[in-house]
*Asks:* 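Take this structure, written in structure tokens, and hold onto it; I'll ask about it next.
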Amino acid sequence: MPMDFTKLGGILQDARKNAHYTQADVASLLGLTPQNVSSWERGKSKIDIEDFIKLCHLYGISYVELIVQCSAPQYDAEIPGLAEDEQTLITDYRRLTPPGKEYVQQSLALALRSYSEKNNAVSDLETAL
């Protein structure tokens with residue numbers, strides 16, 4: 001499976017920020033330039049394996065799990081029985097980083113709860129009439 005370097009970059013960026021490092025900090029610690037770090041985080045260049053492992057150790061993340069996460073199946077494959085808008089939502093969701101997915105899940109849960117409460121209020125009103 002091909003490596004999704006955009007997804008990898010997003011995860012690396014989130015990990016760097018969670019570790020409270022700037023791109024300049026990471027570059028200095030690894031003997032690189034901030035442009036190298038920026039390019040990896042934007043998925044614009046491929047990171048060599050030695051730097052990849054150093055970053056994972058620096059951020060305290062498993063490089064094996066990260067490789068598995070970023071070796072994504074083809075997202076554009078059609079899922080039988082879905083409408084086009086549903087397919088687009090799933091394809092876009094699959095491309096999100098884990099924090100992005102968590103945000104979408106929380107937002108969806110909140111929206112569904114709000115929708116359910118409104119429908120219950122309408123049902124109660126209809127029953128009362």
Side-chain angles (χ1 to χ4, degrees):
M1 266 181 255
M3 177 70 80
D4 183 341
F5 287 97
T6 302
K7 184 174 184 178
L8 174 63
I11 294 170
L12 290 174
Q13 182 180 53
D14 290 341
R16 175 182 56 79
K17 288 178 179 180
N18 288 337
H20 306 290
Y21 288 118
T22 65
Q23 289 178 341
D25 294 335
V26 172
S28 176
L29 288 166
L30 298 181
L32 303 165
T33 67
Q35 291 79 11
N36 292 123
V37 179
S38 173
S39 183
W40 298 333
E41 289 182 356
R42 292 179 294 120
K44 299 298 180 189
S45 67
K46 297 178 182 178
I47 184 171
D48 78 29
I49 192 68
E50 289 177 10
D51 291 331
F52 176 69
I53 292 171
K54 288 177 188 176
L55 276 179
C56 289
H57 285 294
L58 180 65
Y59 299 154
I61 55 180
S62 165
Y63 60 86
V64 174
E65 289 180 26
L66 196 50
I67 289 171
V68 170
Q69 271 187 316
C70 296
S71 298
Q74 292 299 99
Y75 293 132
D76 298 330
E78 289 278 329
I79 300 173
L82 291 183
E84 185 177 338
D85 61 334
E86 295 169 324
Q87 178 71 40
T88 300
L89 283 170
I90 291 170
T91 299
D92 291 345
Y93 177 82
R94 288 178 174 170
R95 290 187 172 130
L96 293 172
T97 62
K101 287 181 180 180
E102 184 177 336
Y103 177 79
V104 168
Q105 291 167 359
Q106 290 172 355
S107 298
L108 183 58
L110 181 63
L112 290 172
R113 197 167 35 253
S114 175
Y115 177 78
S116 177
E117 289 169 1
K118 286 179 185 175
N119 277 346
N120 288 339
V122 169
S123 293
D124 291 346
L125 182 61
E126 290 172 346
T127 303
L129 295 177

*Asks:* Should R94 and I90 count as side-chain neighbours, where that means a heavy-atom distance under 4.5 Å?
*Replies:* yes

*Asks:* Counting distance only, does the side-chain N/O of T91 pair as donor-acceptor with the main-chain N or O of Q87 below 3.5 Å?
*Replies:* yes

*Asks:* CG/N18 to CD1/I11 distance, rounded to the nearest 0.5 angstrom?
*Replies:* 12.0 Å

*Asks:* So, for K54 and L30, which heavy atoms are closest and what is the spacing to 0.1 Å?
*Replies:* CB-CD2, 3.6 Å

*Asks:* Transitively linked via ILVMFWY side-chain contacts under 4.5 Å: L110 with Y115?
*Replies:* no

*Asks:* Rounded to the nearest 0.5 Å, what separation is found between the CG atom of L66 and the CD1 atom of I53?
*Replies:* 11.0 Å

*Asks:* Nearest 0.5 Å, what's the CD-CG distance between Q105 and L108?
*Replies:* 8.5 Å

*Asks:* Does one hydrophobic cluster hold both V37 and I49, with members joined at side-chain heavy-atom distances below 4.5 Å?
*Replies:* yes

*Asks:* Which atom names give the shortest non-hydrogen contact between P34 and A24, and what distance separates them?
*Replies:* CG-CA, 4.0 Å

*Asks:* Between R42 and S38, does the side chain to side chain donor-acceptor pair (under 3.5 Å) criterion hold? Intermediate values first, please.
*Replies:* CA-CA 6 Å; R42 292 179 294 120; S38 173; 3.1 Å; yes

*Asks:* What's the separation between atom CD in Q23 and atom OG1 in T33, rounded to the nearest 0.5 Å?
*Replies:* 9.5 Å

*Asks:* Can a donor-acceptor pair be found, under 3.5 Å and without considering hydrogens, that links the side chain of K7 to the backbone of T97?
*Replies:* no

*Asks:* Look up atom CG in L8 and atom CZ in F52, then write down how far apart they are to the nearest 0.5 Å.
*Replies:* 5.5 Å

*Asks:* Please answer whether the main-chain N or O of Y103 pairs with a side-chain N or O of Q106 as donor and acceptor at a distance below 3.5 Å.
*Replies:* no

*Asks:* Hey, could you give me the CD1/CG distance between I47 and L55, rounded to the nearest 0.5 Å?
*Replies:* 4.5 Å

*Asks:* Check for me, please, whether Y63 and L29 land in the same ILVMFWY cluster - side-chain distances under 4.5 Å, paths through other members count.
*Replies:* yes

*Asks:* Between A83 and E86, what is the shortest heavy-atom contact and its length?
*Replies:* N-OE1, 2.8 Å

*Asks:* Under a 4.5 Å cut-off applied to non-hydrogen side-chain atoms, are D85 and L89 in contact?
*Replies:* no

*Asks:* Do Y21 and Y59 have side-chain heavy atoms sitting under 4.5 Å apart?
*Replies:* yes

*Asks:* How far apart are the closest heavy atoms of P99 and D14, and which atoms are they?
*Replies:* CG-OD2, 3.1 Å

*Asks:* Tell me if a side-chain donor or acceptor on D25 pairs with a main-chain N or O of T22 at a distance below 3.5 Å.
*Replies:* yes

*Asks:* Could you check whether any side-chain heavy atom of N36 comes within less than 4.5 Å of a side-chain heavy atom of W40, counting everything from C-beta outward?
*Replies:* yes

